[in-house]
Amino acid sequence: MKNAVYPGSFDPITLGHLNIIRRASRIFDKLYVCVMANSSKQPLFTCEERMDMIRRTVRHFGNVEVDTSDDLLVKHARELDAKVVIKGLRAVSDFDFEFQMALANKIIEPNIETLFMASSGKYTYLSSTVVKEMAKYGADLKEFVPREIIDDILRKINQ
Ligand code: ADP
C-alpha cells in the first residue's frame, strides 16, 4: 500500500486544494488529507468544521480519508504509514518556505519524501485567504470553493 499525506490548514478547502487531492489520489493507494490543528495561522473555522467540510467534498473519492494532527507532520505521517508528504506549489513565493520545511523534515525523518505538485494554472491565484476576503464582500464563491461548502462559509462570515 502506498500512502500519502496532504497537510494544510484548509480554512476552508478551496478548488485549488481539491485539484491537488484529485490528482494525488490517482497516484497513491490512500491519501490522508490532514488538517494541521497547530498552525500558527488564526483559523476562521474550527478544526472539526474544516474536517467536516473536506469530508463532504471528498465523499466520492474512494481512497481519500480526512484526518487531523497537532503533532509534528512527519511523526504523524509515520503513524499513518505514509512515506510521502504532498505539497501544492502555487508560485515561487510558496517555494522558499516549503523547501526549508522539506529539508528540515528530511533530517528528522529521512524515510519520508516531500513531493511538490504544481498547482493547476487555473488555481494559482487561489488561497483560503482570497476566499474569505471574497465572501466578506458577498462575491459569488462557486469559482473558488466546492459547492458543498458555500453555505458553511456564508453562514460563518455572517455570524
Ligand atoms: P492556504 O495557503 O490557502 O492557507 P493551506 O495551508 O491550507 O493553504 O495549504 C495546504 C496545501 O495546499 C499547501 O501545500 C499549499 O501550498 C497547497 N495549496 C493551497 N492552495 C493551493 C492552490 N490554489 N493550488 C495548489 N495548491 C494549493
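Read the numbers this way: they start at 1 and go in the same order the structure lists the ligands and their atoms. All residue numbers in this chain count up from 1 along the given sequence.
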Below 4.0 Å, non-hydrogen atoms only: which portion of [X] touches ligand 1? Side chain, backbone, both or neither.
{"X": "Pro7", "result": "backbone"}
{"X": "Arg90", "result": "side chain"}
{"X": "Tyr125", "result": "neither"}

- Message: Check for me, please, whether Leu18 and Val5 land in the same ILVMFWY cluster - side-chain distances under 4.5 Å, paths through other members count.
- Response: no

- Task: Examine ligand 1 and decide if any of its atoms is less than 4.0 Å from a heavy atom belonging to Ile20.
- Result: yes

One thing to verify: whether [Y] and [X] come together as a salt bridge, which I'm taking to mean a side-chain N less than 4.0 angstrom from a carboxylate O.
{"X": "Lys87", "Y": "Asp94", "result": "no"}
{"X": "Arg59", "Y": "Glu148", "result": "no"}
{"X": "Arg56", "Y": "Asp52", "result": "yes"}

Say whether [X], considering both its backbone and side-chain N or O atoms, lies within less than 3.5 Å of an N or O atom on ligand 1.
{"X": "Asp11", "value": "no"}
{"X": "Ile86", "value": "no"}
{"X": "Ser119", "value": "yes"}
{"X": "Leu126", "value": "yes"}
{"X": "Thr124", "value": "no"}

How far is [atom] from its nearest protein heavy atom, and which residue and atom name does that atom have?
{"atom": "atom 17 (C) of ligand 1", "answer": "Tyr6 OH, 3.5 Å"}
{"atom": "atom 6 (O) of ligand 1", "answer": "Ser9 OG, 3.0 Å"}
{"atom": "atom 3 (O) of ligand 1", "answer": "Ser128 N, 3.0 Å"}
{"atom": "atom 16 (O) of ligand 1", "answer": "Gly88 O, 2.4 Å"}
{"atom": "atom 4 (O) of ligand 1", "answer": "Lys41 NZ, 3.1 Å"}
{"atom": "atom 7 (O) of ligand 1", "answer": "Phe10 N, 2.9 Å"}

- Note on the structure: Nearest heavy-atom contact between Arg90 and Thr124 is O-CG2, 3.4 Å

Are side-chain heavy atoms of [X] and [Y] found at a separation under 4.5 Å?
{"X": "Val84", "Y": "Ile27", "value": "no"}
{"X": "Val131", "Y": "Val145", "value": "yes"}
{"X": "Leu31", "Y": "Ile86", "value": "yes"}

- Message: As an exercise, state the distance from CG of Leu141 to OG1 of Thr14, rounded to the nearest 0.5 Å.
- Response: 11.5 Å

- Can you figure out which of Glu98, Lys87, Met117, His17 has its heavy atom closest to atom 8 (O) of ligand 1? His17

- Message: Under a 3.5 Å distance rule, please check whether Arg50 uses its side chain to pair with a backbone N or O of Ser9 as donor and acceptor.
- Response: yes

- Does Tyr125 OH have over 12 foreign heavy atoms under 6.0 Å away? yes

- Task: Number the atoms of ligand 1 from 1 as they appear, then name those within less than 4.0 Å of a heavy atom of Ser127, with their elements.
- Result: 3 (O)

